[in-house]
*Asks:* 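Please find one structure pasted underneath; my questions will follow.
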Amino acid sequence: MSRLILLSPGPVTLSDRVRQALLSEDVCHREPDFAQLVLGLKSALVQLYGAAQTGFEAIILNGSGTCAVEAMISSLAPQEATTLVVGNGVYGERIADMLRIRGRPLVEISTGWTDPMDLERTEKALRDNPSISHVVVIHNETTTGRLNDIQALADLCERYEKWLMIDAVSSFGAEAINFEHPRLLAVASAGNKCLHGIVGVAFVVVRYAYMDSHPSQADSLYLNLFTYRDAQKRGFSPYTPPTHALFALKEALAELRTQGGWTARRDRYRQLSQCLRQSLAGLGVPLLLKETAYSSMISSFVIPQGWDYNDIHDRLREAGFVIYAGQGDLYRSIFRISTMGDISDRDLDRLIDVLSTMLHKGEG
Ligand SMILES: *Cc1c(COP(=O)(O)O)cnc(C)c1O
């Protein structure tokens, strides 16, 4: 049977195993068996990065990735002290908006969407502005697919004694995150990107000693990490969770473990991405950024002369593939392909065949 292949950075193409988990028996979230499921998921999420098991706990939320990021910002970014946002894309700007909407003090160090983070200006801000206590960054900036150098930023946080929070929505499960770093406070992500579950489960992996010693900053009932944390100590949930999405995530995490964990997933993504990037370069479709800037699984390609995004999208869609447009000003100039999800070598070969036939025929 031919299946539609999603090349978007979430939702992803599901494996049969994960799809099958969606047919699990109905369950009520006030029952003890459900609590066991939640407790199991909480530990599986921290086990994925071995070092997270010391000092961190996973708090599970209902929603897409933005929910996890906003709960992290709402609950942990201080109301009185300043949060520094280091951004180079749509998702960094979204975090600055989350702070602004709450009237929280912030400093924004942004660069253009195709540029790396500005660590020089960041260091200067950290040095000159003693009211900054927290720093936020996007790990894999999905706008372009750039993997930001969070280790360098974490080291600045160590030098200036700031807490680091990371939007790892499109990297958790497939890129390195240094949970041994003493200044790492929290990492927000979701089940439907590199973990290959379905949309509906978000989570924040957070340093528990910090939560024990700091009051909640939340100005929202629903996005208060502390409330979820208390209820989840026994596996329960303060609000009705997306039960079947949790079954899917459990299965997806089991599948990831049998496939060799996050490093194996990163290697698999890299293999697919390298093949795709080389093939498209051969067809005269260059990458937007230099190749070494990219994460293992998101690529942004410059739309070739004579084509527009919709032509490329529609032709691929007819052939059973869904690609992803650029955001904002990049809508006209790029398209994006993510190799997240259950994508086989055959799927990729067929994609490259379709692209090469299409582009050789010329004009869109
Ligand atoms: C997908 C994504 C989000 C969350 O977006 P949703 O639309 O809520 O899923 C946040 N940050 C990054 C970097 C993302 O890739």
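All ligand and atom numbering here is 1-based and tracks the order in the structure. Bear in mind that the values here come from a model prediction, so they are computed numbers and not experimental data.
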*Asks:* Do any nitrogen or oxygen atoms of N140 come within less than 3.5 Å of a nitrogen or oxygen of ligand 1?
*Replies:*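 Looking only at distances, the answer is no, because the N/O contact criterion of under 3.5 Å is not met.
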
*Asks:* Is there any N or O on Y91 that sits under 3.5 Å from an N or O of ligand 1?
*Replies:*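 Between Y91 and ligand 1 (N or O atoms, distance only) the closest approach is not under 3.5 Å.
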
*Asks:* Would you say S237's side chain and T240's backbone share a donor-acceptor pair under 3.5 angstrom?
*Replies:*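 Not a single qualifying donor-acceptor pair exists.
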
*Asks:* Output the list of atoms in ligand 1 that are nearer than 4.0 Å to some heavy atom of S170, sorted by atom number.
*Replies:*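 Reading through ligand 1 atom by atom, the close ones are 13 (C), 15 (O).
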
*Asks:* Could you tell me whether Y309 and Y331 have their ring centroids closer than 6.0 angstrom?
*Replies:*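 When the ring centroids of Y309 and Y331 are compared, they turn out to be within the sub-6.0 Å range.
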
*Asks:* Among all the protein's non-hydrogen atoms, which is closest to atom 5 (O) of ligand 1, and how far away is it?
*Replies:*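 Looking only at protein heavy atoms, the one closest to atom 5 (O) of ligand 1 is T66 OG1, 3.3 Å.
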
*Asks:* Rounded to the nearest 0.5 Å, what's the gap from OG1 on T143 to CG on N88? Could you check?
*Replies:*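 One gets 8.0 Å once the value is rounded to the nearest 0.5 Å.
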
*Asks:* Step through it carefully: locate the ring centre of Y49, locate the ring centre of F56, and say whether they are under 6.0 Å apart.
*Replies:*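 When the ring centroids of Y49 and F56 are compared, they turn out to be at least 6.0 Å apart.
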
*Asks:* Heavy-atom distances under 4.0 Å decide this one: backbone, side chain, both or neither, for K193 against ligand 1?
*Replies:*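 Answer for K193: side chain.
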
*Asks:* Salt bridge or not between D219 and R104? Use side-chain N to carboxylate O under 4.0 Å.
*Replies:*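 Between R104 and D219 there is a salt bridge, with a charged N closer than 4.0 Å to a carboxylate O.
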
*Asks:* Quick one: are the ring centres of Y239 and Y228 less than 6.0 Å apart?
*Replies:*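 That pair passes the under 6.0 Å test.
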
*Asks:* Distance to 0.1 Å, residue and atom name: give those for the protein heavy atom nearest to atom 15 (O) of ligand 1.
*Replies:*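 The closest one turns out to be T142 OG1, 2.5 Å.
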
*Asks:* Does this structure show an ion pair linking D97 with R100, if we count only N-O contacts that are shorter than 4.0 Å?
*Replies:*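 Answer for the salt bridge query: yes.
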
*Asks:* Could you tell me whether R94 approaches ligand 1 through its side chain, its backbone, both or neither, with non-hydrogen atoms closer than 4.0 Å?
*Replies:*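 The answer is the side chain.
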
*Asks:* For ligand 1, which part of V169 has a heavy atom less than 4.0 Å away: the side chain, the backbone, both, or neither?
*Replies:*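 It is the side chain that gets close, since no backbone atom is under 4.0 Å.
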
*Asks:* Looking only at protein heavy atoms, identify the closest one to atom 11 (N) of ligand 1 and say how far it is in Å.
*Replies:*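 Here the closest protein heavy atom is D167 OD2, 2.7 Å.
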
*Asks:* Is ligand 1 under 4.0 Å from a heavy atom in the side chain of I138, in the backbone, in both, or in neither?
*Replies:*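 Within the 4.0 Å criterion, I138 contacts ligand 1 through side-chain atoms alone.
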
*Asks:* Quick test of your reading of the model: are R268 and D345 salt-bridged, counting only N-O distances below 4.0 Å?
*Replies:*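 D345 and R268: salt-bridged.
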
*Asks:* Run the numbers for me: atoms of ligand 1, each under 4.0 Å from some heavy atom of S64, listed by number.
*Replies:*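 The list of qualifying atoms is 6 (P), 8 (O), 9 (O).
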
